[in-house]
Number of protein chains: 4
Amino acid sequence: MNLELALRMTEAAVRQAVREGVAISVAVVDEGGHLVSFQRMEGAGIAGPALARGKAYTSVALRGSTLELAGRTAPGGDLHGLPREGFVCVGGGVPLWADHGEGWRVVGGIGVSGGTVTQDVACAEAAAEVWRTR
Amino acid sequence: MNLELALRMTEAAVRQAVREGVAISVAVVDEGGHLVSFQRMEGAGIAGPALARGKAYTSVALRGSTLELAGRTAPGGDLHGLPREGFVCVGGGVPLWADHGEGWRVVGGIGVSGGTVTQDVACAEAAAEVWRTR
Amino acid sequence: MNLELALRMTEAAVRQAVREGVAISVAVVDEGGHLVSFQRMEGAGIAGPALARGKAYTSVALRGSTLELAGRTAPGGDLHGLPREGFVCVGGGVPLWADHGEGWRVVGGIGVSGGTVTQDVACAEAAAEVWRTR
Amino acid sequence: MNLELALRMTEAAVRQAVREGVAISVAVVDEGGHLVSFQRMEGAGIAGPALARGKAYTSVALRGSTLELAGRTAPGGDLHGLPREGFVCVGGGVPLWADHGEGWRVVGGIGVSGGTVTQDVACAEAAAEVWRTR
């Protein structure tokens, strides 16, 4: 992950948010789960810094989209016993994969918060598309 | 949010608590989720400072009543995967909205704890009514 | 400690703050160190909830004024090794003593934050005077 | 504080970092101390998210530059007894003041981490200059 790419992904997420008519927060983290960039749009709530970052971190830490993890951590899911601290298992977090010659691994994550789950997922996917076509 | 209004809202919540025959804690926070005023009635439990403040904060951070959020964070709800730390998703927290010329946004919140959920909600609503008719 | 007395003490602290020309936060805690009341004046900073409450708590927990504790926790002081977490050893916290027939003990505390240390101490002392002449 | 201005300030801080030959993290927070934007340059350490944000938050919460606060929280300073948790009192955090008709108050803060204290301060000041000439 690098800052320039993180900002391009953020831009794509924000453009999607404008199309959705919603104000969001967008976080991008590196393979260590540490923040690379964050932007909160005018009118997006104060939980954005914690939730967007949390979704991005969670998608890296558990190597899956937080939408999928929402199902797996629900009662009956295989990850239901996961501690709640530190993980945000609500749609809007997407891991970013790359193969730098040592097999595919997660090298970063994007997290979006501020809209409905569907809107957050759409914004995160718009950002992930920038990653996939980088 | 300002202190004078916060105290008037608190007074309304306390009056409702007296009608309900219950001792409560009442917290009012600003748009940043920071405490503006707090009062704990004689006989209200020591969890009041954390829970009333937590409900008020949560209603601002997630921009909804904590009663509604209780349903959304329950199994099957769209926010079920939300971490429990930092958020109190039990009825009794109500966000306060205003339009200062830039569209409606949450500019504060009220949180009540000490009675049953129904009583806490009734007290918080009595306070919110002061806000709406300010 | 009871709410009515806590509010009278708070009022005295706020009156002193107006005389000092400063905006403060005032916290009153009970003998368990738990918040009974809190008020943040217009213009007082967002650290007030943590610091005023912290000073009140510290004055109860360590049974001394936080001004005196500031000296004792400084290098060379007898409490220098105290952990920093949870204690605010800056002037503006005053313990409240009472003898309910079992000897004198601390039954609450007041904490003020927002001005200079001297101003915070003056406001806390104005509140403590209400306690002593109750 | 708004995102567009936060990004312009961040850009100025990053330009100064390039001049200084150092890789930094830059955080901008609003008047509630909540993150509005964050950027970590290629090569800046993983403590950046916590430290830059912490400096920005501290400058808002305590309404002063963290460089000045470093002196005041040192042994002998009037704030020496302040708890270390939650506050980062190392140079590189600068509060941003505005008067929206109710007197001057802190409406946001900038925090820089990654270089020496002198470099962090220089980068934060470059950002603050954008604020002052906005």
### Message
Between C:V88 and chain D, with a heavy-atom cut-off of 4.5 Å, which part of the residue counts as in contact: side chain, backbone, both or neither?
### Response
both

### Message
So which residue, C:L69, C:L82, C:L51, ends up with the most heavy-atom pairs under 4.5 Å with chain D?
### Response
C:L51

### Message
Heavy-atom pairs under 4.5 Å with chain D - which of C:P75, C:P83, C:A70 has more of them than the others?
### Response
C:P75

### Task
Would you please name every residue forming a side-chain contact (heavy atoms from CB on, under 4.5 Å) with C:A23, sequence neighbours left out?
C:M41, C:A44

### Message
Restricting to non-hydrogen atoms, name the atom on C:A47 and the atom on D:L62 that form the minimum distance, rounded to 0.1 Å.
### Response
CB-CD2, 4.0 Å

Chain D and chain C: which donor-acceptor pairs fall below 3.5 Å?
unit_1, atom_1, unit_2, atom_2, d
D:R63, NH1, C:G43, O, 2.7
D:H80, O, C:R84, NH1, 3.4
D:H80, NE2, C:R84, NH2, 3.2
D:G81, O, C:C89, N, 3.0
D:E85, OE2, C:G86, N, 2.6

